[in-house]
Asker: 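Quick one: the structure is below, and I'll ask about it shortly.
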There are 2 protein chains.
Amino acid sequence: MEPSLDTRTRILSTARELFHGRSYADVGVKEICSIAKVPKGSFYHFFPSKQDLAMAVIDDMAEDWAHGFVAEAFDRDLPPLERLDYMIDAAYYWQKAAKDIEGRMPGCLFGNLALEVSTRDDVLRAKLHAVFQKASARFHETLDEAVEAGVLAPLNTEATAQAMLAYLEGVILLAKTRNDPEVVRILGPAIKTLRIELAAEN
Amino acid sequence: MEPSLDTRTRILSTARELFHGRSYADVGVKEICSIAKVPKGSFYHFFPSKQDLAMAVIDDMAEDWAHGFVAEAFDRDLPPLERLDYMIDAAYYWQKAAKDIEGRMPGCLFGNLALEVSTRDDVLRAKLHAVFQKASARFHETLDEAVEAGVLAPLNTEATAQAMLAYLEGVILLAKTRNDPEVVRILGPAIKTLRIELAAEN
DNA sequence: GGTTGACTAGACCGACTGGTCTACTATACT
DNA sequence: AGTATAGTAGACCAGTCGGTCTAGTCAACC
């Protein structure tokens with residue numbers, strides 16, 4: 001019916017894998033095409049430019065992410081603080097699985113892209129920023145719930161949520177640099193100790 | 001006397017600036033040469049390859065770093081926990097200054113390179129890993145001292161030191177993605193709240 | 001004063017880049 | 001049946017990449 005959609009999807013998922021496993025600059029349009037078995041003409045039929053492809057890849061990944069293990073980790077049926085552990089666990093197993101298959105820890109696609117492109121492509125930077133905003137919102141909800149449930153002393157939940165996201169990204173960065181997912185398992189759980197207090201307004 | 005040393009230095013510092021401000025892949029040998037006003041022949045006289053240049057840049061930066069504001073931040077005359085605040089402050093002012101001049105937050109050269117190259121260049125990855133090890137050792141000493149001085153309850157100082165480094169990198173990553181150094185100032189101080197407890201051995 | 005070797009100089013190399021172009025096919029509507 | 005359109009196909013483009021090569025300069029040493 002829609003072989004076009006198929007082609008587009010094939011480009012998208014190939015690009016996603018390659019960008020994640022290597023980097024944006026290191027993967028060329030030609031390579032994506034040859035692996036996805038799509039001629040160049042078709043590529044530029046679906047995506048006006050490599051940058052547009054990157055935007056689509058980010059959207060695609062963010063979508064999967066939000067509906068996949070992140071949705072599970074932030075499951076409202078779990079006690080709020082356990083969701084944080086679940087999140088760390090998920091990150092660990094994902095990175096470990098990837099390393100077992102590919103031999104290398106790919107890290108976080110968003111973090112990778114953010115550091116690579118954000119000084120020279122404001123459009124992509126803004127998109128990545130939006131993804132991080134959304135991710136931090138999940139932490140934010142969780143923390144609010146934890147405070148409301150009385151399992152966490154009141155604190156600046158918004159800032160702490162951002163701190164937690166930063167910590168997660170930092171841990172993955174360190175783990176990737178060591179090419180060792182165990183770093184995530186060891187350092188990860190400390191995410192729960194991060195606190196930014198409410199500004200004193202007395 | 002030694003115009004050669006001058007040339008080498010000029011290549012090195014130009015490359016450092018460009019790599020830091022953009023990325024490894026995005027900066028070509030030709031551009032480095034033309035900005036440093038060095039012909040290509042001279043470049044390859046001093047550096048066998050672009051990769052070797054990157055190694056030298058990392059060494060150079062790590063050296064400056066260790067003897068520069070990091071040495072100040074981890075000054076043994078400061079109370080241990082204050083050193084952490086000093087470190088965050090230094091990171092903030094550095095990024096802010098860079099942004100005021102260039103318009104963009106460059107982030108941390110080591111973190112940038114780590115995420116960009118560590119999946120495809122094990123030599124550079126190992127070097128970056130060593131730099132992070134050294135940085136985390138400074139945190140480690142500081143925490144040990146703090147525990148000894150009784151200003152910090154006993155904890156797993158080694159793991160916590162790594163967690164703090166990860167957090168610092170993560171905060172800089174987030175700030176760079178927002179192109180806003182204020183993120184460092186707001187989230188940074190929470191570094192002191194990170195704790196990884198000693199493994200219970202009862 | 002001749003020779004050596006560090007260094008400068010930049011033309012040049014094949015490979016590859018993102019992107020364009022034209023030619024062609026297949027399907028869908030009129 | 002005829003035409004428009006979506007998509008396939010890949011040759012081709014100018015430009016750039018990291019790296020090599022040859023030619024030549026210059027100072028130090030014999």
Side-chain angles (χ1 to χ4, degrees), chain A residues 1-58 113 116-125 127, chain B residues 1-19 21-58 112-113 116-125 127:
Chain A
M1 293 276 156
E2 292 266 20
S4 64
L5 245 182
D6 223 45
T7 301
R8 208 190 107 100
T9 307
R10 222 160 55 238
I11 295 171
L12 213 49
S13 66
T14 304
R16 186 169 123 176
E17 264 174 53
L18 292 176
F19 287 159
H20 194 183
R22 309 233 293 282
S23 75
Y24 180 63
D26 199 40
V27 176
V29 174
K30 191 179 174 180
E31 186 182 2
I32 294 168
C33 288
S34 78
I35 291 179
K37 296 206 175 66
V38 165
K40 214 133 172 242
S42 302
F43 179 96
Y44 281 96
H45 174 74
F46 291 105
F47 301 97
S49 71
K50 193 187 175 188
Q51 191 210 40
D52 281 270
L53 170 66
M55 298 286 275
V57 164
I58 295 169
L113 284 175
E116 185 182 356
V117 308
S118 57
T119 43
R120 74 178 145 148
D121 190 324
D122 252 25
V123 180
L124 285 177
R125 208 207 74 235
K127 175 133 236 153
Chain B
M1 290 272 157
E2 294 264 20
S4 66
L5 245 182
D6 223 45
T7 301
R8 209 191 106 101
T9 307
R10 220 160 55 237
I11 295 171
L12 212 49
S13 66
T14 304
R16 187 168 122 177
E17 262 174 55
L18 292 176
F19 286 159
R22 308 232 291 283
S23 75
Y24 179 64
D26 199 40
V27 176
V29 173
K30 191 179 173 181
E31 187 182 0
I32 295 168
C33 289
S34 78
I35 291 179
K37 294 205 175 68
V38 165
K40 216 141 174 229
S42 302
F43 179 96
Y44 280 98
H45 174 73
F46 291 105
F47 301 98
S49 71
K50 193 187 174 187
Q51 191 209 40
D52 280 270
L53 169 67
M55 297 286 274
V57 164
I58 295 169
N112 296 350
L113 285 175
E116 185 181 357
V117 308
S118 57
T119 43
R120 75 179 145 146
D121 190 325
D122 253 24
V123 180
L124 285 177
R125 208 206 74 235
K127 174 133 240 151

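Note: hydrogens, waters and symmetry copies are ignored here, and every other heavy atom, side chains too, is used. Below, chain A is the first sequence line, B the second, and so on; all start at residue 1.
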Asker: Can you check the A/Phe43 CZ to D/dC12 P distance for me, whole Å?
Answerer: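 Interatomic distance, CZ of A/Phe43 to P of D/dC12: 22 Å.
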Asker: Quick check: closest heavy atoms across B/Arg10 and B/Ala36, and the distance to 0.1 Å?
Answerer: NE-O, 2.8 Å
Asker: State which of D/dG18, C/dT20, C/dT8 makes the closest approach to the side chain of A/Tyr44.
Answerer: C/dT20
Asker: A/Lys40 side chain: which of C/dC7, C/dG19, D/dG7 is closest?
Answerer: C/dG19
Asker: To the nearest angstrom, how far is A/His45 atom NE2 from C/dT25 atom C1'?
Answerer: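 Those two atoms, NE2 and C1', are 14 Å apart.
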Asker: Take B/Lys50 and B/Gly41, find for each the nucleotide of DNA chain D with the closest heavy atom, and name the residue whose nucleotide sits nearer the 5' end.
Answerer: B/Lys50
Asker: Compare every heavy atom of A/Ile32 with every heavy atom of A/Val27, then report the nearest pair and how far apart it is.
Answerer: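 Nearest heavy atoms, A/Val27 then A/Ile32: CG1-CG1, 3.6 Å.
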Asker: Between C1' on C/dT8 and CZ on B/Arg10, what's the gap in Å once rounded to a whole number?
Answerer: 11 Å
Asker: Could you state the CZ-C1' distance from B/Arg8 to C/dC7, rounded to the nearest angstrom?
Answerer: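 Spelled out: CZ on B/Arg8 to C1' on C/dC7 is 14 Å.
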Asker: Choose from D/dG18, C/dC7, C/dG18 the nucleotide whose nearest atom is closest to any side-chain atom of B/Phe46.
Answerer: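 Selected nucleotide (nearest to the side chain): C/dC7.
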Asker: Please tell me which of A/Pro48 and A/Lys30 maps to the more 5' nucleotide of DNA chain C, matching each residue to the nucleotide holding its nearest heavy atom.
Answerer: A/Lys30
Asker: Select one nucleotide: of C/dT8, D/dG19, D/dA6, the one nearest the side-chain heavy atoms of B/Ser49.
Answerer: D/dG19
Asker: With a 4.0 Å limit, can you tell me whether A/Ser42 has a side-chain N or O closer than that to the phosphate oxygens OP1/OP2 of D/dA9?
Answerer: no
Asker: Would you say the side-chain atoms of B/Glu116 pair up with the backbone N or O of A/Ser23, donor to acceptor, closer than 3.5 Å?
Answerer: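 Judged by distance alone, no pair lies under 3.5 Å.
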Asker: Suppose the criterion is side chain to side chain donor-acceptor pair (under 3.5 Å): which pairs have a residue in residues 39-58 of chain A, not counting sequence neighbours?
Answerer: A/Ser49-A/Asp52, A/Gln51-A/Asp121
